[in-house]
Amino acid sequence: YSNRGHLFLSSFNPLSILLSSITMEEKDRSASSQSIEEDPFSDLSPTCCELVSPRGAVTVTTILQTILLSSFVGVFFWMKSDGFFHPNSPLSFIIIIISFVYFICILSSVIGSISQSEYPLVLSTYLLQTFILFTDLIAASVVFCMAIGNRSEWLDSLPPMLVKEDRFERFLGPFWMYLSAISLHITVAANMCFLQSINQYIGVLRREPIDIAQ
């Protein structure tokens with residue numbers, strides 16, 4: 001009975017408990033490292049599309065971009081036909097150019113995803129970065145005009161030259177410029193997530209053959 005009692009007491013020894021916990025942690029680490037070595041691309045799924053593969057994330061991104069572009073073009077033509085813009089406003093021409101660039105960006109992503117080629121995807125990232133930069137500059141310009149437009153006659157007269165302020169005020173309220181800038185910033189944030197998905201898939205194509213990149 002003394003030996004059994006000694007073994008029973010030694011099982012509650014703090015040192016033995018600590019050693020056993022360290023041994024268990026080492027086993028867990030070795031198992032996790034082995035699983036990572038077996039699946040080296042488990043950490044390559046984009047943060048915004050963790051449930052799909054890198055190629056699937058590009059597909060989801062393309063679908064979301066198409067929905068965004070369709071909504072943007074639809075709202076633009078509705079506002080243009082309803083008299084939100086002046087007939088000869090240069091803003092309409094700028095919006096058409098931005099929409100065309102975004103369409104080429106989507107088309108390049110589709111071609112790169114189907115052919116699993118790096119170069120169309122790289123072109124898509126360049127166009128998307130241009131779109132993000134240009135959209136963010138427009139949003140910052142809107143906020144700048146709203147903040148200090150009253151101090152400059154030229155800045156104060158610039159919005160009426162581009163759009164019909166009374167139509168925007170009736171539709172969005174007196175803070176329509178701030179709401180427009182916030183909408184543009186949200187668009188930029190969404191497209192930064194899209195850019196991450198495409199860059200992640202490009203990294204997969206550069207690291208390993210095509211069959212693993214799927």
**Message:** Given 3.5 Å as the limit, does a donor-acceptor pair link the side chain of Ser81 with the main chain of Trp78, or not?
**Reply:** yes

**Request:** Give the cluster check for Val188 versus Leu179: same hydrophobic cluster or not, with ILVMFWY residues linked at side-chain heavy-atom distances below 4.5 Å.
**Result:** yes

**Message:** Hydrophobic clustering (ILVMFWY, side-chain heavy atoms < 4.5 Å, transitive) - are Leu172 and Phe77 grouped together?
**Reply:** yes

**Prompt:** Testing Ile132, Asp136, Ile138 for side chain to side chain contact (heavy atoms under 4.5 Å, CB included) with Phe134, which one passes?
**Reply:** Ile138

**Request:** Kindly write out the residues that satisfy side-chain contact (heavy atoms from CB on, under 4.5 Å) with Thr62, not counting sequence neighbours, or none if the list is empty.
**Result:** Val58, Thr66, Ile106, Ser109, Val110

**Message:** Using every non-hydrogen atom in the two residues, find where Arg206 and Val122 come nearest and quote the distance to one decimal.
**Reply:** NH2-CG2, 4.0 Å

**Ser117 side-chain N/O to Gly112 backbone N/O, donor-acceptor pair under 3.5 Å** = no

**Asked** Can you hop from Phe72 to Ile67 via hydrophobic side chains spaced under 4.5 Å?
**Response** no

**Request:** Using atom types as modelled and distance alone, determine if a side-chain donor or acceptor of Asn191 lies under 3.5 Å from a backbone N or O of Thr187.
**Result:** yes

**Request:** Answer yes if Ile182 and Phe168 sit in the same cluster of Ile, Leu, Val, Met, Phe, Trp and Tyr residues linked by side chain heavy atoms under 4.5 Å apart, and no otherwise.
**Result:** no

**Prompt:** Are Ile63 and Leu127 connected in a single hydrophobic cluster, I mean Ile/Leu/Val/Met/Phe/Trp/Tyr linked by side-chain heavy atoms less than 4.5 Å apart?
**Reply:** no

**Prompt:** Does the pair Tyr201 and Gln116 meet the rule for a side chain to side chain contact (heavy atoms under 4.5 Å, CB included), with working shown?
**Reply:** CA-CA 9 Å; Tyr201 186 52; Gln116 301 183 48; 3.5 Å; yes

**Request:** Walk me through it: do Ile95 and Lys80 pass the test side chain to side chain contact (heavy atoms under 4.5 Å, CB included)?
**Result:** CA-CA 11 Å; Ile95 292 175; Lys80 187 175 179 61; over 6 Å; no

**Request:** Please work out which of the three classes, parallel, tilted or perpendicular, describes the rings of Phe131 and Tyr102, given edges at 30° and 60°.
**Result:** tilted

